[in-house]
Amino acid sequence: MKRIVTLTVAMLYCLCSFAQFSDSTHYLIKYASTGSINHTQDGNSYLLNNNFGFKVSKRKVSLNAGASYVYGKQNASLTNSDVSAAVDFNMYTDTAKIYYWGLANYDRSYSLKINNRFQGGLGIGYDLVRLPNAVINVTDGLLFENSNLFLHDTIQDIYSTVRNSFRLQYKWTIRNIVVLEGGNYFQQSLTHGDDYIIRCINSMSVKLRSWLSVTASLTYNKLNRTERENLLMNYGVTLEKFF
């Protein structure tokens, strides 16, 4: 808990410290609801994926907060009850392509056998491409992790580790109508060679209005320590508002 409070205070301090360099502030609120339903004579299944995001952008710094909840059942058996919440910030330097980032993240996942997991850390990012309609960047840094997991479904495992976290992120807007975006992570433990996390979140949205899009998304998670993985393919709507 002390680590969570300390990291949160540090993030807010960085945001306040860099506010003096900006003459304007931009906000974004985003909500996406996607899912799937399958009903046959042999059985039923459904999956609902809700995501909420909030972003504050200034010239030298941006702050992001987000949360998601995935719930699913198949033939009355629970398959997903997965919660994730995160806050992160980016601080940009005078060298336009380089920036620094910080992250605090909490997860609980029935499908991946995560009872509780906290991650917090810092790193550096680099923009490979930054155009008005296209962005590609890579980031790398160190994360402290404190986890409570289930191994082989029944064996409780409480441990801490430090991970190297690498991410490839992109966003491409085509004619202000089609948006392709995603973030793909590989997080390797520095103390256990067989302990790694893979997370890939990719989506395509077609704008119907400036604030309304039809969205198809593909999410893949693999947690090697619990030998669990999930693949979610959803479609639905995204609502977003800039101000």
Side-chain angles (χ1 to χ4, degrees), residues 1-15 17-18 51-55 61-70 82-93 98-128 136-151 156-170 181-202 219-230:
M1 180 60 68
K2 290 182 179 179
R3 294 188 182 94
I4 298 175
V5 173
T6 300
L7 187 58
T8 302
V9 171
M11 289 181 176
L12 294 175
Y13 174 78
C14 291
L15 180 63
S17 298
F18 279 83
N51 293 273
F52 175 79
F54 177 71
K55 181 176 182 179
V61 67
S62 65
L63 178 69
N64 303 275
S68 68
Y69 179 58
V70 180
D82 306 336
V83 177
S84 180
V87 58
D88 68 84
F89 68 86
N90 297 327
M91 295 188 300
Y92 301 95
T93 65
I98 298 176
Y99 62 94
Y100 302 98
W101 59 267
L103 168 72
N105 184 75
Y106 171 80
D107 295 288
R108 189 179 77 243
S109 174
Y110 178 85
S111 63
L112 297 175
K113 301 304 179 184
I114 302 172
N115 296 317
N116 291 286
R117 181 175 66 189
F118 167 76
Q119 293 179 325
L122 301 166
I124 191 169
Y126 182 79
D127 288 332
L128 299 173
I136 302 175
N137 61 54
V138 293
T139 66
D140 196 68
L142 295 179
L143 296 178
F144 169 81
E145 178 181 310
N146 188 9
S147 294
N148 182 335
L149 312 173
F150 270 132
L151 305 182
Q156 192 172 20
D157 180 31
I158 301 175
Y159 81 110
S160 298
T161 189
V162 176
R163 297 186 183 277
N164 182 78
S165 179
F166 175 81
R167 182 191 71 180
L168 172 64
Q169 182 174 259
Y170 67 90
E181 61 183 323
N184 301 279
Y185 302 78
F186 181 76
Q187 298 175 343
Q188 173 69 56
S189 170
L190 299 182
T191 56
H192 301 86
D194 60 347
D195 179 8
Y196 62 86
I197 298 169
I198 298 174
R199 181 171 175 81
C200 303
I201 307 170
N202 298 278
T219 301
Y220 173 75
N221 293 283
K222 180 177 177 63
L223 183 58
N224 196 57
R225 191 173 180 89
T226 61
E227 300 179 348
R228 302 285 296 187
E229 60 184 331
N230 60 34

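None of the values given here were measured: they were computed from a predicted structure. Only heavy atoms go into these numbers, but all of them, side chains included; no hydrogens, no water, no symmetry mates.
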Item to check | Phe89 and Leu122: CA distance, side-chain angles, deciding distance, side-chain contact (heavy atoms from CB on, under 4.5 Å) verdict | outcome: CA-CA 10 Å; Phe89 68 86; Leu122 301 166; 4.2 Å; yes
Next on the checklist: Looking at Tyr100, I want to see if its OH is surrounded by more than 12 non-hydrogen atoms of other residues, nucleotides or ligands under 6.0 Å.
Outcome noted: no
Next on the checklist: Around atom NZ of Lys222, are there more than 12 heavy atoms from other residues, nucleotides or ligands closer than 6.0 Å?
Outcome noted: yes
Closest non-hydrogen atom pair between [X] and [Y], with its separation:
| X | Y | result |
| --- | --- | --- |
| Arg167 | Tyr185 | CD-CE2, 3.3 Å |
| Ala86 | Leu103 | CB-CD1, 4.3 Å |
| Thr139 | Gly125 | CG2-CA, 3.8 Å |
| Ser111 | Asp82 | OG-OD2, 2.9 Å |
| Asn105 | Ala85 | OD1-O, 3.3 Å |
| Tyr92 | Ser62 | OH-OG, 3.6 Å |

Item to check | is_close_aromatic(Tyr106, Phe118), centroid dist under 6.0 Å | outcome: no
Checklist entry - Going through the checks in order, is the side-chain hydrogen bond (donor to acceptor under 3.5 Å, both in side chains) test met by Tyr170 and Asn202? => result CA-CA 9 Å; Tyr170 67 90; Asn202 298 278; 2.8 Å; yes
Quick one: [atom1] on [X] to [atom2] on [Y], what's the gap to the nearest 0.5 Å?
| X | Y | atom1 | atom2 | value |
| --- | --- | --- | --- | --- |
| Glu227 | Asp194 | CD | CG | 9.5 Å |
| Leu142 | Arg163 | CG | CZ | 12.0 Å |
| Asn116 | Ser147 | CG | OG | 9.0 Å |
| Ile114 | Asp157 | CD1 | CG | 11.5 Å |
| Asn115 | Leu149 | CG | CG | 7.0 Å |
| Leu112 | Glu229 | CG | CD | 9.0 Å |

Indicate yes or no: at least one non-hydrogen side-chain atom of [X] is less than 4.5 angstrom from one of [Y].
| X | Y | value |
| --- | --- | --- |
| Thr161 | Leu143 | no |
| Tyr220 | Ile198 | yes |
| Tyr159 | Thr191 | no |
| Tyr99 | Met91 | no |

Next on the checklist: Under 3.5 Å, is there a donor on one side chain and an acceptor on the other for Gln187 and Gln119?
Outcome noted: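 A pair is found: one side chain offers a donor N or O, the other an acceptor, under 3.5 Å apart.
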Item to check | Check: Asn221/Arg199 side-chain N/O donor and acceptor closer than 3.5 Å | outcome: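 Yes - a donor-acceptor pair under 3.5 Å links their side chains.
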